[in-house]
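Written below as structure tokens is the structure these notes are about.
Everything numeric in this text was worked out from a predicted model, so none of it was measured. Reminder, nothing fancy here: chain letters follow the sequence lines and each chain counts from 1.
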Protein chains: 2
Amino acid sequence: MKTRPAPAIAAVMLAVLLALAAGPGRAADPLPSWSAGPARQRIVAFVKTVTDQASKDYVAPADRIAVFDNDGTLWSEQSAYFQLAFAIDRVKALAPSRPEWKTTQPFKAALEGDMQALAASGEKGLLELVMATHAGSTSDEFAQAVRDWAKTARHSRLNRPYTELTFRPMRELLDYLRANGFRTYIVSGGGVEFLRVLSQELYGIPPEQVIGSSIRTRYEVRDGTPLIVRLPEIDFVDDKAGKPVGIHKFIGRRPIAAFGNSDGDFEMLEYVTYGPGARLGVLVHHDDAAREYAYDRKSPIGKLDGGLDEAQRRNWLVVSMKDDWRAIYAPAR
Amino acid sequence: MKTRPAPAIAAVMLAVLLALAAGPGRAADPLPSWSAGPARQRIVAFVKTVTDQASKDYVAPADRIAVFDNDGTLWSEQSAYFQLAFAIDRVKALAPSRPEWKTTQPFKAALEGDMQALAASGEKGLLELVMATHAGSTSDEFAQAVRDWAKTARHSRLNRPYTELTFRPMRELLDYLRANGFRTYIVSGGGVEFLRVLSQELYGIPPEQVIGSSIRTRYEVRDGTPLIVRLPEIDFVDDKAGKPVGIHKFIGRRPIAAFGNSDGDFEMLEYVTYGPGARLGVLVHHDDAAREYAYDRKSPIGKLDGGLDEAQRRNWLVVSMKDDWRAIYAPAR
């Protein structure tokens with residue numbers, strides 16, 4: 001009589017065979033661009049704590065929400081926000097049908113690439129620029145314009161397409177958090193419809209997980225076609241104290257981890273790191289003039305002042321790009 | 001020498017043993033409360049089409065988004081929106097600290113349960129009622145008030161807690177869609193912060209997948225505690241042409257299926273069912289006076305008129321509660 005294994009034995013044998021097939025190796029390092037220092041240790045310890053069911057600070061997957069600022073946190077933001085580069089390029093593209101722009105500020109400055117005159121036009125001028133270049137179209141047309149721009153536009157000093165200026169350590173971190181059951185959201189002061197076009201490809205973040213500043217839209221049926229039309233009117237400014245408001249409006253519950261790089265992220269970190277259980281607040285400190293840029297307390301873009309003052313008292317982690325990151329970008333293609 | 005099974009044989013044996021253990025039965029019917037009629041067939045055929053990789057209308061999981069109106073679509077809405085019952089109960093709870101309400105409309109009407117006088121106060125009166133009962137508190141306090149109310153409040157004619165007045169066939173449908181890789185969103189004219197407190201328990205829908213009307217909020221730190229404060233100011237009205245705007249604002253892509261029951265859902269169905277590939281637009285028709293309510297073209301609440309006129313031409317499915325639903329609610333507890 002032949003020996004036939006009982007079901008339980010078959011299952012055990014299969015498990016052993018599969019384990020042997022997988023080999024004796026360790027899992028691949030999920031954060032290869034992070035130096036083996038205290039920053040990395042703190043992030044990994046946080047993730048282990050909230051995912052360990054035996055921990056008193058265990059967090060159910062539904063509440064594992066992490067929020068990320070975009071400009072300066074997930075990609076570079078110097079010497080000007082990339083969306084401003086898009087707006088300027090769009091002024092140039094639209095200029096033939098707007099001859100008056102040649103002699104009117106801030107459009108004249110944008111057409112001439114005169115960044116000083118553009119800055120001198122102030123918040124009002126920049127708002128005018130954004131409205132003229134971001135409104136008036138349908139949402140589909142606008143998305144197409146962003147897509148077309150992203151295909152060819154390059155950062156002059158860093159000499160790469162903008163789409164290759166995302167921070168490699170942060171992309172690893174996004175993947176690592178998602179592999180541990182987190183949902184990752186962007187909470188940006190930038191325009192939500194600009195960013196949503198790019199977020200999936202750049203960060204693996206789908207449009208519904210992007211929160212940002214917005215202009216109003218209107219639903220309209222034109223010749224039988226339903227359209228979302230973009231209006232020249234501010235809807236929501238997702239910056240500073242607007243960030244917790246945006247999080248509450250779009251997510252409706254408090255995330256447990258927040259990542260930023262400037263004082264525009266202060267209230268977001270404050271809101272997220274307050275509250276019970278393990279919390280993680282992280283500020284990326286741009287201190288790497290050689291590989292990227294070095295700026296903080298006095299920078300007109302991405303100013304980080306109050307955050308540096310308060311980080312220690314509030315137990316926020318300050319990540320040094322210079323020391324904690326082994327690479328800044330992915331190798332150029 | 002004993003016979004030892006080779007790895008492949010062990011795996012096959014295990015699979016066979018597991019299959020035998022599971023028994024010969026078919027999968028359980030996912031829609032037991034739906035009659036075996038054309039409505040059910042149409043819904044099932046749509047789901048099969050968009051999930052079948054061999055189909056020309058296959059839709060990747062990321063784009064399998066279905067949107068649902070709430071009042072009248074997922075739960076009852078007669079003789080008044082349940083949120084209005086909450087507002088009236090809240091007027092009563094807050095009345096001791098607002099003695100002037102005893103003599104001021106619409107509060108006097110609310111306190112006396114005089115629905116006719118309340119209706120006579122018009123949209124302005126109702127707005128006043130909502131602002132007085134929904135604003136002023138922090139978001140946490142408001143959520144607690146909704147939670148407390150939901151524990152005890154009952155529908156007088158239907159003689160059940162409001163929380164037991166969700167439509168059983170629709171809850172089966174939500175589960176069925178999610179089991180097929182859909183994400184299910186609520187897109188309601190009702191208040192988003194009211195609904196988000198209840199949506200997980202009622203429908204298995206997390207707060208971040210609830211879109212609704214909202215009042216403005218402000219971030220504030222009080223005695224070191226970060227708070228979201230609710231302001232007496234309308235932020236967004238998620239009804240009629242506001243529904244596609246809300247979908248675009250919160251989701252940022254076009255869903256492929258939409259479920260409603262009134263003309264307030266017309267633009268949402270129009271927006272969703274326009275566009276390429278398989279689309280599903282569904283209107284729940286309240287034609288069951290015995291088990292729920294019967295109303296459509298002339299009802300002040302949940303009026304369905306244009307939708308009935310247009311359903312055939314636009315290929316929207318009209319579901320008869322009377323004929324297509326074998327049960328309306330879950331058995332009373």
Side-chain angles (χ1 to χ4, degrees), chain A residues 2-7 9-11 13-14 16-18 20-21 62 65 139 143 183 185 192-193 196-197 199-200 206-211 214 216-221 224-228 235-236 240-245 247-254 267-268 270-275, chain B residues 2-5 7-11 13-18 20-21 62 65 139 183 185 192-193 196-197 199-200 206-211 214 216-221 224-228 235-236 240-245 247-254 267-268 270-275:
Chain A
K2 280 186 186 171
T3 312
R4 285 206 281 175
I9 297 178
M13 278 191 305
L14 182 68
V16 171
L17 288 164
L18 290 174
L20 287 173
I65 295 174
S139 280
R183 263 155 312 139
Y185 279 80
V192 66
E193 293 204 43
R196 279 179 173 169
V197 175
S199 62
Q200 181 70 49
E208 64 270 23
Q209 289 175 15
V210 180
I211 301 168
S214 54
R216 282 190 193 279
T217 65
R218 183 181 60 222
Y219 178 73
E220 202 180 297
V221 180
T225 304
L227 298 168
I228 304 288
D235 176 43
F236 179 60
K240 301 193 174 73
K243 290 203 174 193
V245 168
I247 289 169
H248 181 72
K249 185 202 284 252
F250 281 78
I251 309 179
R253 48 180 154 188
R254 198 184 297 216
E267 286 86 352
M268 176 170 79
E270 178 176 62
Y271 176 65
V272 167
T273 58
Y274 187 92
Chain B
K2 281 185 184 169
T3 314
R4 286 206 281 175
I9 297 178
M13 277 191 307
L14 182 68
V16 170
L17 287 164
L18 290 174
L20 287 172
I65 294 173
S139 280
R183 263 158 311 140
Y185 279 79
V192 67
E193 293 204 44
R196 278 178 172 170
V197 174
S199 60
Q200 182 70 50
E208 63 270 24
Q209 290 175 15
V210 178
I211 302 168
S214 54
R216 282 190 194 279
T217 65
R218 181 180 64 221
Y219 177 73
E220 203 179 299
V221 180
T225 304
L227 298 168
I228 304 288
D235 176 45
F236 179 60
K240 300 192 173 74
K243 289 204 173 194
V245 168
I247 289 169
H248 180 72
K249 184 201 283 253
F250 280 78
I251 309 180
R253 47 180 154 188
R254 198 183 298 219
E267 286 86 352
M268 174 169 81
E270 177 177 63
Y271 176 65
V272 167
T273 57
Y274 187 92

Side chain, backbone, both or neither of [X] within contact of chain B (heavy atoms, under 4.5 Å):
X: A:Lys249; result: both
X: A:Arg216; result: side chain
X: A:Thr217; result: both
X: A:Val221; result: side chain
X: A:Ile228; result: side chain

Tell me, do B:Pro226 and A:Glu267 make a side-chain contact under 4.5 Å, heavy atoms counted?
no
Ignoring hydrogens and geometry beyond distance, is a side-chain donor-acceptor pair present between A:Ser139 and B:His248 at under 3.5 Å?
yes
Under 3.5 Å, is there a donor on one side chain and an acceptor on the other for A:Glu270 and B:Tyr219?
yes
For B:Gln209, side chain to side chain donor-acceptor pair (under 3.5 Å) partners two or more places apart:
none
Excluding sequence neighbours, so at least two apart, what forms side chain to side chain donor-acceptor pair (under 3.5 Å) with A:Thr225?
B:Tyr274
Max heavy-atom pairs within cutoff under 4.5 Å with chain A, candidates B:Arg183, B:Arg218, B:Lys240, goes to B:Arg183
Non-hydrogen atoms of B:Gly252 and A:Pro207 that approach each other most closely
O-CB, 4.2 Å
